[in-house]
Amino acid sequence: MPRPSAAPEKRRIAHVWPFRPTVRYSGQVAEALRTETVGGVVMLLATVVALVWANTPWADAYRSLQSHELSPHWLQLGHMDVQHWASGGLLAVFFFIAGLELREELTHGELRDPRDAALPVIAAAAGVAMPALIFVIVSAGEPGALRGWAVPTATDIAFALAVLAVTFSACPASLRAFLLTLAVVDDLIAITIIALFYTETLHWTWLGIGVVLIVVYGLLQSRDVRSPWLYVPIALLAWYCVQRSGIHATVAGVALGMLTSSKETADDRPTNAERADRVLRPLSAGFCVPVFAFLSAGVALSGPALGAVLGDRAALGVICGLVIGKFVGVFGGAWTAVRLGLATLGEDLRWREIAGVAMLAGVGFTVSLLIGGLAYTDPSRFERVTTAVLIASIIASAAAAVVFRRRARPRPAE
């Protein structure tokens, strides 16, 4: 027989400590972090904190945190400070989610039908090529600058969707799908660029072991094995082997994400992809990406520092590539594809809204900073390029906000 006082005691404790953590509150936080808007806001807050800290008298403490060594000898990963762990480790989770999204688009989304996928895919490809071309033109002749040609090619999906949600509340689902598909394809191209152009030393043995582990992961997924206790060790070992091979470990993340099964189960249980997304998306949006942003975005914003950005043609190439190149590439690619009959403009899409998304594509943050860190080992140049990415992202966001608020008319009620 239960004690009569048990229930009243629980109510009393709940009354005294109304804000204590509970499973329900944790679930609400996790659910909020599964939305791109909230994830973008958290990343923005982390960026602001980093910028404020890096421009205070305690900036040296921030630099010390970035460069704090975290390389256990037994791992044999070489020089890995806090910032490297954030870019190589935490971002692997972010790219795993990108892999899940890409598989979802290929199996159930916009990329399933080649004709429907043609418009955002062509726009994404042109939106990668044009910024790279503009960067090369602007930075030509600057010693060591050309290594960063890929920095302005990437669109940050979390920031872009957050800006779209805030500035265009009447956004049609088709326009959001266009931006999401464009960004997913953009991420895939960026990962390919990282693997092909930013791998200096390749250790084939480690790469071979990593590929085998990734194949084993895919085979288990195809057999509908559901135990996370089996997948987690395989994924961690695959990440480690790819990291040891010399290829950036985010490649392993996107490969594992794309191989995660989205096959429906007979008893309507969540698929492996749905389970992985539900667990990892809040972790990525609430911790991995904000920590990376916090450790990467802390740059000096003094007059001399901003002057150095404007005097560095690599940094100017990043600004021009993101602000001008992304717009010309995405909008021009979409318009050309429709004019040549390679794609069709959906009934719910308007060219002025496509123009707003093309401007928004210039919000390059997470992947742009990642590529910048791989391209430039000189800390001063990397800081100038990081500042350029921030400046370009602010300009692109403001331009897109103006277009959406002034030119995107509310849709008539049906």
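Values below: every heavy atom of this structure, side chains too, minus hydrogens, waters and symmetry copies.
A 4.5 Å side-chain heavy-atom check between Phe95 and Leu370 finds at least one atom pair inside the cut-off. By the 4.5 Å heavy-atom criterion applied to side chains, Thr199 and Ile194 are not counted as neighbours. Counting heavy atoms from C-beta outward, Val163 and Phe404 have side chains that stay 4.5 Å or more apart. In this structure the side chain of Thr344 never reaches within 4.5 angstrom of the side chain of Leu119, judged on heavy atoms. Annotation: side chain of Leu196 is in contact with side chain of Thr192 (closest heavy-atom distance under 4.5 Å). Thr386 is not listed as a side-chain neighbour of Arg384, based on a closest heavy-atom distance of 4.5 Å or more. Put simply, the side chain of Ile394 does not reach to within 4.5 Å of the side chain of Val363, judged on heavy atoms. For the pair Leu90 and Val289, the minimum side-chain heavy-atom distance is 4.5 Å or more.
Residues Ala334 and Ile354 approach most closely at CB-CG2, 4.3 Å, considering heavy atoms. Taking each heavy atom of Ala252 and Ala238 in turn, the nearest pair found is CB-O, 4.3 Å. Scanning both residues, Gly333 and Ile122, for their nearest heavy atoms gives O-CG2, 3.7 Å. In terms of heavy-atom proximity, Gly321 sits nearest to Ile134 at N-CG2, 4.0 Å. Taking all atoms of both residues into account, the shortest heavy-atom contact from Phe292 to Leu369 is CZ-CB, 4.0 Å. The shortest non-hydrogen separation linking Pro228 to Arg275 is CD-NH2, 4.0 Å.
For the atom pair CG of Asp186 and OG1 of Thr153, the computed distance is 6.5 Å after rounding to the nearest 0.5 Å. Here the CZ-OG distance, from Phe365 to Ser397, works out to 11.0 Å after rounding to the nearest 0.5 Å. Between the CG atom of Asp277 and the CG atom of Asn272 there is a distance of 12.5 Å, given to the nearest 0.5 Å. Note: Ile391 CD1 to Ser393 OG = 10.0 Å, rounded to the nearest 0.5 Å. The CH2 atom of Trp335 sits 13.0 Å away from atom CG of Leu345, with the distance rounded to the nearest 0.5 Å. The OG1 atom of Thr155 sits 10.0 Å away from atom CD1 of Ile189, with the distance rounded to the nearest 0.5 Å.
One N or O on the side chain of Arg103 and one on the backbone of Thr260 form a donor-acceptor pair closer than 3.5 Å. Using modelled atom types, no side-chain atom of Glu383 and backbone atom of Ser380 make a donor-acceptor pair closer than 3.5 Å. Looking at Ser87, its side chain does come within 3.5 Å of a backbone N or O of His84 through a donor-acceptor pair. With Trp239 contributing its side chain and Gly88 its backbone, the two residues share a donor-acceptor pair below 3.5 Å. Checking side-chain atoms of Ser284 against main-chain N and O of Leu280 turns up no donor-acceptor pair under 3.5 Å. A donor-acceptor contact shorter than 3.5 Å is absent between the side chain of Arg176 and the backbone of Leu164. Not one N or O on the side chain of Gln66 forms a donor-acceptor pair closer than 3.5 Å with the backbone of Gln83. Looking only at distances, a side-chain donor or acceptor of Trp53 sits under 3.5 Å from a matching main-chain atom of Trp58. Using a distance-only test at 3.5 Å, with no hydrogens or angles considered, no donor-acceptor pair links the side chain of Tyr376 to the main chain of Arg147. The backbone N or O of Ala358 lies less than 3.5 Å from no partner atom in the side chain of Lys326, so there is not a single donor-acceptor pair.
A side chain to side chain contact (heavy atoms under 4.5 Å, CB included) with Val216 is found for exactly one of Ile214, Leu213, Leu220, namely Leu220.
Taking the six-membered ring where the residue is Trp, the centroids of Trp149 and Phe135 are separated by 6.0 Å or more. Between Tyr62 and Phe294, the distance separating the two ring centers is shorter than 6.0 angstrom.
For the residue pair Asp81 / Ser67, no side-chain donor-acceptor distance below 3.5 Å is found, with atom types taken as modelled.
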Candidate pair Arg381 and Glu142, rule salt bridge (Lys or Arg N to Asp or Glu O under 4.0 Å), full reasoning: CA-CA 12 Å; Arg381 168 154 281 177; Glu142 182 80 8; 3.1 Å; yes
I'd like to know whether Thr250 forms a side-chain hydrogen bond (donor to acceptor under 3.5 Å, both in side chains) with His248, so could you lay out the CA-CA distance, the side-chain angles of the two residues, the decisive distance to 0.1 Å, and finally the verdict. CA-CA 6 Å; Thr250 51; His248 202 271; 2.9 Å; yes
Passes side-chain contact (heavy atoms from CB on, under 4.5 Å), Val367 versus Asp156? Steps please. CA-CA 7 Å; Val367 182; Asp156 189 283; over 6 Å; no
Step by step, would you call Met43 with Thr366 a side-chain contact (heavy atoms from CB on, under 4.5 Å)? CA-CA 10 Å; Met43 183 166 58; Thr366 309; 3.7 Å; yes
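Between Arg269 and Glu274 there is no salt bridge, since none of the side-chain N atoms of the basic residue sits less than 4.0 Å from a carboxylate O of the acidic one. A salt bridge does not link Lys263 to Asp224: none of the charged side-chain nitrogens sits closer than 4.0 Å to a carboxylate oxygen.
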